[in-house]
Amino acid sequence: VQLQASGGGLVQAGGSLRLSCVASGRIFSSYVMGWFRQAPGKEREFVAAISSSGGATKYVDSVKGRFTISRDNAENTVYLQMNSLKPEDTAVYYCAFSPSGGRWPSNYDYWGQGTQVTVSS
């Protein structure tokens, strides 16, 4: 299984970005998909997760109401729509697979390479 994340970039505070993560392999639709982020000098942080069917989502409190996770199982793709971005959202964002989900990175078996998001003030 390979994951390819894209869509990061430089944006001003208040702006928007949409991250995408395309997965290879036929097991995509059976897994929980998550987005994590890691800022310099900080631990990797859970951002959002979506169930295999797309019917259930979870978010870290700091992004609720601003970020939306979604998935298209026909395209093996998970998205993270990020609106009202803040400088504190600056980080490398990673997508990941998990058979069970949750907020802990150790629950996730496969990881993408990360995409940089930088929000200027």
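If you read the sequence from its start, that first residue is 1, and numbering goes on from there.
Under the 4.5 Å side-chain contact rule for hydrophobic residues, W111 and V60 share a cluster. V22 and V117 fall into different hydrophobic clusters, where Ile, Leu, Val, Met, Phe, Trp and Tyr are joined by side-chain heavy atoms under 4.5 Å apart, directly or via other members. V11 and Y79 end up in different hydrophobic clusters when Ile, Leu, Val, Met, Phe, Trp and Tyr side chains are linked at under 4.5 Å.
In this structure, R44 satisfies the cation-pi test against Y94, with its NZ or CZ atom closer than 6.0 Å to the six-membered ring centre and inside 45 degrees of the ring normal.
S52 contributes no side-chain N or O that, together with a main-chain N or O of V32, makes up a donor-acceptor pair within less than 3.5 Å. With hydrogens and angles ignored, the 3.5 Å screen pairs a side-chain donor or acceptor of N76 with a backbone N or O of A23.
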> Should R66 and M82 be marked as a side chain to side chain contact (heavy atoms under 4.5 Å, CB included) after you check the CA-CA gap, both sets of side-chain angles, and the distance that decides it?
Replying inline: CA-CA 6 Å; R66 300 188 298 122; M82 305 186 295; over 6 Å; no

>> Could you walk me through whether T115 and V92 satisfy the side chain to side chain contact (heavy atoms under 4.5 Å, CB included) test, starting with their C-alpha distance in whole Å, then the side-chain angles of each, then the deciding distance to 0.1 Å, before giving a yes or no?
In response: CA-CA 5 Å; T115 184; V92 177; over 6 Å; no

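Closest approach of S20 to T77, counting heavy atoms only: CB-CG2, 4.4 Å. For the residue pair P87 and A13, the shortest heavy atom distance occurs at CD-CB, 4.1 Å. Residues P99 and N107 share a closest heavy-atom pair of CD-O, 3.9 Å. A pairwise comparison of heavy atoms in A48 and Y59 identifies CB-CD2, 3.6 Å as the closest pair.
Note that CG of L85 and OG1 of T118 are 10.5 Å apart. Values are rounded to the nearest 0.5 Å. Rounding to the nearest 0.5 angstrom, the gap separating the CD1 atom in I50 from the NZ atom in K58 is 13.0 Å. Atom CD of E43 sits about 10.0 Å away from atom CD of E45, to the nearest 0.5 Å. Considering CZ of R71 and OG of S53, their distance stands at 8.0 Å, rounded to 0.5 Å. Annotation: the span from Y31 atom OH to N73 atom CG amounts to 13.5 Å, rounded to 0.5 Å. We find the CG-CE distance between L3 and M33 to be 5.0 Å, quoted to the nearest 0.5 Å.
Between Y93 and F67, the angle of the ring planes lies from 30° to 60°, which puts this pair in the tilted group.
One finds no salt bridge joining D89 and K86 here, because no Lys/Arg side-chain nitrogen approaches an Asp/Glu carboxylate oxygen to under 4.0 Å.
Annotation: salt bridge (Lys or Arg N to Asp or Glu O under 4.0 Å) contacts involving residues 112-121, sequence neighbours excluded, are absent. Judged as a disulfide bond (SG atoms under 2.5 Å apart), the pairs with a partner in residues 62-99 (not counting sequence neighbours) are, in order, C21-C95.
Under the 4.5 Å side-chain criterion, counting only non-hydrogen atoms from C-beta, T68 is not in contact with L80.
A distance below 6.0 Å separates the ring centres of Y108 and F36.
Within a 6.0 Å radius of CD in Q81, more than 12 heavy atoms belonging to other residues, nucleotides or ligands are found.
Side-chain polar atoms of S16 and N83 form a donor-acceptor pair below 3.5 angstrom.
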